[in-house]
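To start, the structure under review is shown below, and the notes come after it.
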Amino acid sequence: MVMKLKSGLRALALAGAALAVQGAYAQQIVKIDGSSTVYPISEAVAEEFQKMKKGAIKVTVGISGTGGGFKKFCRGETDVSDASRPISAKEMAACAQAGIKYVELPVAFDALTVVINPKNTWIKELKVEELKKMWEPGAQGKITKWNQVNPSWPDAPLKLFGPGADSGTFDYFTDAINGKEKASRGDFTASEDDNVLVQGVSRDVNAIGYFGLAYYVENKGKLKAAPIVNKGSSKAVSPSLETVMDGTYQPLARPIFIYVSDKSMNKPEVKAFVEYYIKNAPKLVKEVGYVPLGKQHYDQAAKNFAAKKLGTGFGGKSEVGIKVEELLAREGKL
Amino acid sequence: MAYARDLTAIRGLIASHKRWDRVFAVCGLLALMLGVLTFTALFVDMAIDGFPRLSWDFLTSFPSRKPAQAGILSAWVGTAMVMLVTAFVAVPLGVAAGVYLEEYAPKNWVTDIIEINITNLAGVPSIVYGLLALGLFVYQFGLGHSVLAAGLTLALLILPVVIVATREAIRSIPQGIREGAYALGGTQWQVCSDHIIPYSMPGILTGVIIGMARAIGETAPIITIGALTFIAFLPAPPVMAQAPFVNFEWLFSGFTVMPIQMFNWTSRPEAAFLQNAAAAGFVLVLMTLAMNGLAIYLRYRIRRNIKW
């Protein structure tokens, strides 16, 4: 029964494929998949690129998450992979096994914002150490009041809001603040939908939460962004386009990437698309609410792409507080 | 005297029974209202949010980063294509399986086990079907991340519903009809095709409505098998002017569906995208209603022709 079904389906698929080939005209499709964080940028570029090419080249963008995107990428199913974190050692191995080589191109900054309620009067700045005290795994069930973090803060319940554990934002925040990816307390209000977090923090004076900068920018009237004091620094820095770009807003800003397969780079449509991507990123990145890299970074990225500088600059692990120019200059590992 | 006393007792009894009737009627009405009002409130809220965005342009534009220019063309066409495949696969398979189980299958423990499993399948989370389909349809059969793979996945998902509905409908056909047909010398196949299936069609259609309404809103299995989010072109149309006139390329095309487009919009930071999502939700409900309306109309037509 199963065998019959299987062979029947195969026959159907073959018949369909034959018809498809018959009816096919020169289809040029650039396939992108991966992170939902990078998605708005890739969507914007895809939209403009298709308009410019008048539909002669088609672009599709999927959202499978960074990990899901790399799975498809390393199977050779996609040309470009959106990634909100660098490729991991495991994914590097999978790509190497399938013979897929790639160029790593940073395309924008993703900045996390720690937000509080506008009526919150006691937070003028937040130290990374204080954030750690609130969010580290050991705080679970113990740190439940603001004054437990800092005695000068009120004796009021501490209400935490953050993204769920599947999110790249969660991975990066835990890495940057708690020192280990995914190491977080579990007793906070978690949602994959950042708009839910916005609602939560805007309705509760005692709330504090974190999410991407774009969500804060869109909801400035309802929220306040906490200036962050990095470890070993004494200066509080508020998140903004300028502070992220000049690298002073740390450690909660990171570059996000696209990875381009070397096989796809030989296809003229993919090459044209990626060149267009880098060239138009400064404008389009800003339009969708992200922070663009510096001009020199995009220039260097374009050079790396033209020279087919293969491999990742990270060697399989994430790094907090990395400089983009240093990353672009690093020897690539495959 | 004894007679009059009995009469009062009986009247009292009748009054109390009537009271219980009323109590139940009120409870039933409340139960109905709970569902209807919740749906109405949600629907009206969505309609109010989304209405300003509803326009011809919204239906005929591709997605965009600019909320005011974004539309749902690729999404609704994708949903329609996937639903078409689902219906074409699930209805014949489900009806055939249901008829076999009711009319042909020997009543033994193997059949019992199959029956129990089908009922259980209806409760399996949809993501499990997505994972199964990813391994089987997408990679094993090499169908790729296509409309066909998605349609087959959703067909699997609603198959148990269609089978169970078919069986219930068949069971409600009086035994006398079967016996009469056999008595006139009909073969088992003639009895099924001329009597059992036509008479059970209204019940089957009810099952199909429930199944399709579930399928049209599914997101998880469709994402699992690799649906796209941004796709700004349509596959080649199924009918062509020159030979071979039909084109099945659309079955193998990449696609997106309405719930994915909505979900993507609700997760965007700009409030205007939430409006788009509400408008898309409104259209999705209308699509579901249109689909159900067709099934209800067919059911009505068929029922009119059944006389026994």
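Values in this document were obtained by computation on a predicted structure and should not be read as measured data. Letters A, B, ... are given to chains in the order of the sequence lines, protein chains preceding strands, and every chain is numbered from 1.
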[atom1] ([X]) with more than 12 external heavy atoms under 6.0 Å:
{"X": "B:Phe88", "atom1": "CZ", "value": "no"}
{"X": "A:Lys54", "atom1": "NZ", "value": "no"}
{"X": "B:Phe51", "atom1": "CZ", "value": "no"}
{"X": "A:Lys31", "atom1": "NZ", "value": "no"}

Under a 4.5 Å heavy-atom cut-off, does chain B meet the side chain of [X], its backbone, both or neither?
{"X": "A:Asp194", "result": "neither"}
{"X": "A:Lys72", "result": "side chain"}
{"X": "A:Gln50", "result": "side chain"}
{"X": "A:Phe211", "result": "neither"}

So, the part of B:Leu274 with a heavy atom under 4.5 Å from chain A: the answer is side chain
Structural part of B:Phe273 lying under 4.5 Å from a heavy atom of chain A: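 Neither part.
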Nearest 0.5 Å, what's the NZ-CZ distance between A:Lys51 and B:Phe62? 12.0 Å
For chain A, which candidate among B:Thr224, B:Leu228, B:Ile231 shows the most heavy-atom pairs at distances under 4.5 Å?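 Heavy-atom pairs under 4.5 Å are most numerous for B:Leu228.
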Specify which of A:Gly212, A:Ser64, A:Ser42, A:Gly62 makes the most heavy-atom pairs with chain B at under 4.5 Å. A:Gly62
With chain B as the partner, which of A:Ile29, A:Ile63, A:Asp193 has the greatest number of non-hydrogen pairs under 4.5 Å? A:Ile63
Is there a side-chain contact between A:Thr60 and B:Phe233 in this structure, where contact means two heavy atoms from C-beta onward sitting under 4.5 Å apart?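 Yes, side chains in contact.
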Sub-4.5 Å side-chain heavy-atom contact between A:Glu218 and B:Arg268: no
Stepwise salt bridge (charged side-chain N to carboxylate O under 4.0 Å, His left out) test for A:Glu47 and B:Lys66: CA-CA 10 Å; A:Glu47 187 189 350; B:Lys66 294 180 185 132; 5.8 Å; no
Specify the closest pair of heavy atoms between [X] and [Y], including all atoms of both residues, with the distance to one decimal.
{"X": "B:Phe230", "Y": "A:Ala46", "result": "CE2-CB, 3.5 Å"}
{"X": "A:Ala214", "Y": "B:Pro269", "result": "O-CB, 3.8 Å"}
{"X": "B:Arg65", "Y": "A:Glu43", "result": "CA-OE1, 3.7 Å"}

